[in-house]
Amino acid sequence: MPRPARCRATGHAPGTTTPERPREPLAADWLRGGQGPEPERRSVHVRASGGRMAVLGFFSAVRAAPWLWRRAAAGLPGHCPGKGYTVGPAQVRTVQVSRSAELVSPPTFGFLLDIDGVLVRGHRVIPAAVEAFRRLVNAQGQLRVPVVFVTNAGNILQRGKAQELSALLGFKVEPDQVILSHSPMKLFSQYHGKRMLVSGQGPLVENTRALGFENVVTVDELRMAFPVLDMVDLQRRPKTTPLPRSDFPAIEGVLLLGEPVRWETSLQLIMDVLLSNGNPGTGLATAPYPHLPVLASNMDLLWMAEARMPRFGHGTFLLCLETIYRKVTGNELRYEGLMGKPSILTYQYAEDLIRQQAERRGWAAPIQKLYAVGDNPMSDVYGANLFHQYLQMVKHDGAEELGADGLWKQRPSATQSCSSILVCTGVYSPKTPGSTEPAQGEEPPFHGHRDFSFSPKLMEASHIVNDVDEAVQLVFHKEGWAS
């Protein structure tokens, strides 16, 4: 008989849980100067005396220099989350409870669901997703537990994505249940009043305004203002030389919301803006460095649509831009903020929406556990495990963040854990005959973003299941709920 498919990272078959291991060093250990080697960094190091100061440093960096915080957090060593609370199938005690009993005992857990590869493939719903929501929705058409949809897509309006999901899943999805890759840009208010170049596709201007940006310029608008900049396509080259513009206001930053349609145009014009310090109609003898602020969302190298093989994601576009910038200038492209999974900022944003959803439903019990279901080990599993590691650090050392008034205050959060569940309906699939996966003992290629250090343990899912319906059933059994 053929052997069952097993996880590349853990060696366990789909539907099984990862066995417990002795405790490995947490992020907090390193921050306190305890166990575990300091990870390699890309030119930036975070030093602090004591766990409390290190945590404060993380939060200040989110506001003042998010790229600093993001690089430091991404490289922290740690163990695979869920080891302390994951149980095997034989240990799961199925508790038969009625749905009326659930009303008496409000949920203390919630779901963070990826969309592409988990609920849909392209424009087609995955049948298991329909079954999963038959379990998640009660007879009145309301969710039995809080659910937030966390996607790295960004070329659609939030309300449009909610409407699309409502039609596919058969129940009303509210816009504030959807987190697009760029949604956390709402937090970067220091750039909302600046003149920003925006790259991507879809309703770019409407999306950026919904995020709070008041003065944006699209790549197409910039190309029309300076037609001599876009020279790759022979058909689009100007037939005559236009007069130089002197009335075009300087650009003060760059927003990368998602993969554009014409990559050569966006790559060229973004480089022009960075190399000219926001004045692409002029030339500078030396490229400024540090360059203008860049905010980017969606780091996925690949994503899964209807095709049998994964497609290029925005992470591939970012890789091109970073490589070109380094080749031309000799310097690294730096980001003021990287959003979308696996960024901790995205999970903090999702955690807050879960809490608000529970409060609106009148569920008094705090949400203590989050279950993140995804198909991409690098974005979904890595991100959930990184956030779990962060939660353990906060629980052990305590953390504060900067409030709107500029003062430090305690960050309220009852969430204690975030468990990663990997499904086999998207980017990840179990090893099959003829697979091109590396031979035993070889490391798989790292598909993550340049600024997220490779940590194999963060790519180990707490659970591997066939599809999202099995994921929901697994969680309901763990939490003692009837499915």
So, [X] versus [Y]: side-chain donor-acceptor pair below 3.5 Å or not?
X	Y	value
His463	Glu470	no
Asp272	Gln268	yes
Asp352	Gln356	yes
Lys161	Gln158	no

Short side-chain to backbone donor-acceptor contact, Asp375 and Val118, under 3.5 Å: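 No, Asp375 side chain to Val118 backbone: no donor-acceptor pair under 3.5 Å.
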For the ring pair (Phe, Tyr, Trp, His ring centres under 6.0 Å) test, which of Phe454, Phe317, Tyr335 pairs with His449?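 Among Phe454, Phe317, Tyr335, the one meeting ring pair (Phe, Tyr, Trp, His ring centres under 6.0 Å) with His449 is Tyr335.
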Any Lys/Arg nitrogen of [X] or [Y] sitting under 4.0 Å from an Asp/Glu carboxylate oxygen of the other?
X	Y	answer
Glu206	Arg209	no
Asp230	Arg262	no
Glu322	Arg326	no
Arg311	Asp116	no

Show, in sequence, the C-alpha distance, side-chain angles and deciding distance for Trp303 and Thr316, and conclude whether the side-chain contact (heavy atoms from CB on, under 4.5 Å) test is met. CA-CA 10 Å; Trp303 69 287; Thr316 308; over 6 Å; no
Does atom CZ of Arg159 have more than 12 heavy-atom neighbours, drawn from other residues, nucleotides or ligands, at distances under 6.0 Å?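 Result for CZ/Arg159: open.
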With the side chain counted from C-beta on, respond yes when Phe133 and Leu119 share a heavy-atom pair under 4.5 Å apart, and no when they do not.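 Yes - at least one pair of side-chain heavy atoms lies under 4.5 Å apart.
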Go through it in stages, so that I can follow the logic: the residues are Met378 and Leu302, the test is side-chain contact (heavy atoms from CB on, under 4.5 Å), and I'd like the CA-CA distance, side-chain angles, deciding distance and then a yes or no. CA-CA 10 Å; Met378 186 54 240; Leu302 304 169; over 6 Å; no
